[in-house]
Undergrad: 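Have a look at this one before I ask anything.
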Amino acid sequence: MKLSFTLTALAVVLALGTSACSRSGAVSADAAATPVVAGSQHGDFGPPQGEPIHAVLTSPPNVPPPIHRDKPAKVIVELEVVEKEMPISEGVTYTFWTFGGTVPGSFIRVRQGDTVELHLKNNPDSKMPHNIDLHGVTGPGGGAASTFTAPGHASQFTFKALNQGLYVYHCATAPVGMHVANGMYGLILVEPPEGMPKVDHEYYVMQGDFYTTGKYREKGHQPFDMEKAIAEQPTYVLFNGHEGALTGDKALAAKTNETVRLFVGNGGPNLVSSFHVIGEIFDTVRPEGGTVEQHNVQTTLVPAGGAAMVEFHTEVPGSYVLVDHSIFRAFNKGALAILKVDGAENKAIYSGKEVDSVYLGDRSEPNLQAVSTAAKAHAAGTLTKDEQIAAGKQLFTGTCSVCHQANGEGLPGVFPPLAKSDYLAADPKRAVQILLHGLNGKVTVNAKDYNSVMPPMSQLNDDEMANILTYVLNSWGNPGGQITKEEVAAARTAPAPAPAAAEH
Ligand SMILES: [Cu+2]
């Protein structure tokens with residue numbers, strides 16, 4: 001008690017010091033010099049007033065409206081657990097366990113001092129019992145013990161929201177890791193009594209890591225893989241529960257000269273997120289969803305079972321890419337979302353040119369089609385040669401065209417041509433090995449030497465490789481032919497070939 005009192009006094013002194021500094025500085029926009037006091041000491045904790053209120057719950061990426069209430073109330077929250085099959089990537093489904101039918105679960109917004117009556121229903125079609133642990137609750141288990149609910153049952157408990165902040169909630173039924181890995185988490189915002197500063201847009205973005213028995217983007221229904229989960233080696237790392245949840249026509253939207261606040265959560269179960277928006281700087285961050293404000297931040301760490309509030313102002317139009325800056329997760333496991341900002345260019349701040357498809361790869365708008373075409377092709381079963389060529393053409397863009405160019409001509413001295421390549425024509429099946437294992441050392445293509453490195457394209461699965469190569473073989477004056485996914489599968493299990501140089 002004494003210690004916390006001393007710390008509070010110190011915080012006041014520091015805050016006064018800061019405001020004195022900013023007054024002497026050129027910019028005095030930093031009005032947030034109000035002393036920051038721990039949530040439970042500062043609030044409106046009288047008995048609930050007025051009629052009970054039913055909380056507005058929203059599905060991601062939407063956030064319930066600000067509260068604008070000056071008295072504590074009794075707030076009723078009704079949440080239903082639903083187990084359901086949903087897409088996790090194009091052509092890939094997964095059985096998610098959800099709070100409210102979405103991953104992450106419904107967003108809950110209350111005011112500090114509110115008395116929250118939480119009802120948890122477990123859908124009769126569920127196979128598992130579930131419960132809820134809200135990190136915004138003061139009391140053993142955060143509600144978990146009071147809410148253990150069998151399929152077709154309901155339970156309830158009541159808590160007072162003592163601390164303001166942004167909190168994760170999650171299922172805590174054994175095996176806890178599995179329930180969380182299946183998508184059982186969401187956010188609850190406890191607004192300060194005076195509300196939060198007004199912004200133009202508020203969005204709900206939550207990261208999670210997922211473990212499937214198949215590889216990344218391996219098509220069909222994918223079961224949960226406990227071994228991978230224990231090894232902490234996710235197949236997918238995603239914002240809002242499925243790859244592409246926030247890209248293309250589902251991208252977050254804003255206009256230039258607006259303020260955006262993101263409520264960012266991380267459900268885990270395992271990974272910590274290095275949350276970053278490519279091309280933006282966070283003007284304000286409330287790290288870990290707490291009360292202290294940090295400014296001018298590039299990347300903020302969001303712990304598993306934690307959250308952050310980030311705010312920024314939009315100056316320049318274009319696509320801003322939300323990523324986990326542990327960057328393989330963004331480009332090879334799906335942790336990528338887009339904020340599309342519309343408005344007039346501002347050349348004084350930025351000279352122009354969109355984030356291009358090179359940065360976004362197959363998640364950029366022109367290339368999104370590629371992934372869904374491939375998924376549809378797969379769903380149709382065995383493909384004709386023409387269908388393979390069509391699917392392969394889509395995939396070539398965003399995968400191979402970065403280096404070999406869309407017209408297959410390559411770049412002189414750097415990337416060899418695939419168009420009329422005598423190297424390719426000499427042994428088309430060798431190309432399967434090149435995709436699987438990459439290529440380095442000296443190669444001669446159309447009488448020109450290249451001595452560079454092509455990385456393995458092992459993120460592609462068998463049918464994707466077969467389709468791309470069939471497309472390449474039937475384009476730009478190449479000799480034609482067909483590669484089947486069975487041939488790729490066989491090559492995958494065969495030992496890697498000798499280096500290319502030895503063959504020449
Ligand atoms: Cu559960």
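Each ligand, and each atom within it, is numbered from 1 in the order the structure gives. We count residues from 1, following the sequence as given. Bear in mind that the values here come from a model prediction, so they are computed numbers and not experimental data. The analysis underlying the following values was restricted to heavy atoms, covering all of them including side chains, and did not include hydrogens, waters or symmetry mates.
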Undergrad: Looking only at side chains, do His221 and Thr93 share a donor and an acceptor under 3.5 Å apart?
TA: yes
Undergrad: Only one of Tyr236, Phe224, Tyr216, Phe96 forms a ring-ring contact (aromatic ring centres under 6.0 Å, His included) with Phe210, so which one is it?
TA: Phe96
Undergrad: If the threshold is 4.0 Å, N to carboxylate O, is there a salt bridge linking Lys219 and Asp463?
TA: no
Undergrad: Please enumerate all residues that pass side chain to side chain contact (heavy atoms under 4.5 Å, CB included) together with Ser126, with sequence neighbours excluded.
TA: Glu83, Asn122, Asn123, Pro151
Undergrad: Just the protein N/O/S atoms under 2.8 Å from the Cu ion (ligand 1), please, no waters.
TA: His130 ND1, Cys171 SG, His179 ND1, Met184 SD
Undergrad: Hydrogens and angles aside, do Asp200 and Thr259 bring a side-chain donor and acceptor to less than 3.5 Å of each other?
TA: yes
Undergrad: With a 4.0 Å cut-off on N to O distance, would you call Asp44 and Arg111 a salt bridge?
TA: yes
